[in-house]
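See below for the structure under consideration.
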There are 2 protein chains.
Amino acid sequence: MSRKPASERILETADRLFYGQGTVIGVDTIAAEAGISKRTLYNHYPSKDTLIVAYLQRRLREIPTTDAPPAQQILDDFDRLERAFGWDGFRGCAFVNAVAELKDPRHAANAIALQFKERRRQWFRALLELGGAPDPEGLSLQLLLLVDGAIAAALVRKDPTVARAAKEAARVLLQAAGLVAHAPTAPSAPKPADPPASRPPLG
Amino acid sequence: MSRKPASERILETADRLFYGQGTVIGVDTIAAEAGISKRTLYNHYPSKDTLIVAYLQRRLREIPTTDAPPAQQILDDFDRLERAFGWDGFRGCAFVNAVAELKDPRHAANAIALQFKERRRQWFRALLELGGAPDPEGLSLQLLLLVDGAIAAALVRKDPTVARAAKEAARVLLQAAGLVAHAPTAPSAPKPADPPASRPPLG
DNA sequence: TGTAATATACACAGACCTGTGTACTATGCA
DNA sequence: TGCATAGTACACAGGTCTGTGTATATTACA
């Protein structure tokens with residue numbers, strides 16, 4: 001009957017509802033949508049908080065590294081962002097939302113959110129070092145600010161193209177660091193526009 | 001007895017609690033903390049949604065314009081941000097938080113949040129035009145992304161100094177637009193450090 | 001003083017929330 | 001076949017929430 005194990009179906013449903021509706025969504029709803037009794041859910045996750053933490057942890061994924069030049073990989077990241085913003089269910093950054101929703105500053109969600117943000121920054125930093133940037137530490141943080149700013153702006157404006165503005169700003173910063181030589185290269189072709197299958201990776 | 005009119009005390013308390021705890025805080029709590037009966041609250045604001053909208057509208061304030069050179073005014077804005085981040089009750093951007101919390105995309109909060117973000121961007125744009133930037137429209141958006149990114153990062157990292165990273169990025173962008181001539185000028189002195197009286201203006 | 005507006009205390013309806021208890025059923029395995 | 005594991009259905013406790021109803025008190029003003 002049920003092709004996937006119960007705990008996985010619970011997590012998938014929790015992901016969809018927590019991200020789409022916020023962590024205020026009720027446990028009853030999650031169980032019902034997952035096609036599972038509430039009792040079973042509580043047997044797998046002893047409290048709602050446990051489920052929230054599992055949901056966030058599941059979103060901690062690696063960013064795919066290619067063999068393109070460092071600056072190009074960084075700029076490509078903003079293209080991925082734009083696709084994520086254009087996705088129908090886009091609702092901002094899951095981690096930032098969780099931190100904002102859960103008022104308790106000692107909640108485990110805070111540490112996971114920090115971990116996620118640091119992961120992306122370290123990914124930037126490694127690429128910047130590879131490209132020979134003078135201050136990878138500082139520049140990686142600046143690039144991360146552009147990413148987070150684009151996420152917030154895309155949420156408020158409901159406009160995916162803010163990712164392009166972030167990308168242009170990133171290009172200027174990379175140019176100033178000596179990582180990009182060519183001029184803006186015109187708006188880089190109207191984009192291949194492959195629609196995202198399910199969920200783009202922005203957290 | 002009560003020095004201020006009731007409706008104002010309600011709004012002040014709502015501001016404090018909605019911002020500090022999120023809009024999930026109960027109406028009972030707001031009434032109790034404001035020292036008024038719940039019935040009176042509902043006489044002034046016929047629903048909680050009305051109160052939320054009034055709370056957000058109250059945060060729509062102008063940004064103080066000085067007579068400093070445009071680029072300097074923009075960079076000073078990031079210093080204000082850093083002070084806001086260092087404030088004890090800092091919990092991110094009230095508007096972004098509200099949009100993230102209220103799942104309904106047609107909620108009035110969305111329009112108010114957009115209005116607030118656009119206001120700051122237009123303030124940037126006017127200054128950029130004054131300074132003769134080649135693309136005020138695009139650059140103003142890029143600067144706004146840095147602001148919003150700094151807010152999100154300050155919230156997650158609990159570190160006010162991200163504002164400084166945003167400021168440095170902004171300086172590079174302004175330099176590339178020909179608005180700032182001098183080199184980084186060293187970390188600009190350790191900052192006068194006047195503690196914010198009550199609530200810094202970040203929304 | 002009298003009258004009208006405004007505030008209060010307090011109970012309540014109806015809904016939803018998390019988490020538990022309990023008895024029943026299906027399934028895999030020896 | 002027997003038995004443990006895992007899932008289901010369903011009620012319930014105890015709490016919170018928004019919003020209303022009602023009867024009483026305070027205040028402003030003519």
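Since the structure is predicted, the reported quantities are computational estimates derived from the model, not experimental observations. Protein chains get the first letters and strands the later ones, always in sequence-line order, with residue 1 at the start of each.
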Pairing of E168(B) and R171(B) as salt bridge, 4.0 angstrom limit
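Salt bridge between E168(B) and R171(B), a charged N being under 4.0 Å from a carboxylate O: yes.
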Is it true that K167(B) and E82(B) make a salt bridge, defined as a side-chain N closer than 4.0 Å to a carboxylate O?
no
Are T161(A) and D159(A) linked by a side-chain donor-acceptor pair shorter than 3.5 Å?
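Their side chains do contain a donor-acceptor pair, which is all the 3.5 Å distance test asks for.
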Whole Å only: how far is the [atom1] atom of [X] from the [atom2] atom of [N]?
| X | N | atom1 | atom2 | value |
| --- | --- | --- | --- | --- |
| N43(A) | dT25(C) | CG | C1' | 15 Å |
| I52(B) | dG19(D) | CD1 | P | 9 Å |
| Y42(A) | dT8(D) | OH | C1' | 17 Å |
| R39(B) | dA5(C) | CZ | P | 17 Å |
| I30(A) | dC17(C) | CD1 | P | 10 Å |
| F18(B) | dC17(D) | CZ | P | 12 Å |
| R9(A) | dA6(D) | CZ | P | 16 Å |
| D28(A) | dT20(C) | CG | C1' | 13 Å |

Base dG19(C) paired with K48(A) side chain (donor-acceptor, <3.5 Å)
no
Has T40(B) got a side-chain N or O lying under 4.0 Å from the OP1 or OP2 atom of dT8(C)?
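For dT8(C), OP1 or OP2 has a side-chain N or O of T40(B) closer than 4.0 Å.
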Choosing from dT8(C), dT20(C), dA9(D), which nucleotide comes nearest the side chain of S37(A)?
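The answer is dA9(D).
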Please tell me which of K38(B) and S7(B) maps to the more 5' nucleotide of DNA chain C, matching each residue to the nucleotide holding its nearest heavy atom.
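Residue closer to the 5' terminus by nearest nucleotide: S7(B).
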Check each of R125(B), Q122(B), R121(B) against L144(B) using the side chain to side chain contact (heavy atoms under 4.5 Å, CB included) test, and report the only one that passes.
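So the option named by the test is R121(B).
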By nearest-heavy-atom nucleotide on DNA chain D, the more 5' of H44(A) and P46(B) is H44(A)
Checking all strands, does L41(A) fall into the base, sugar-phosphate, or nothing category for heavy-atom contacts under 4.0 angstrom?
nothing
Quick one: sort the F85(A) and F90(A) rings into parallel, tilted or perpendicular, breaks at 30° and 60°.
tilted
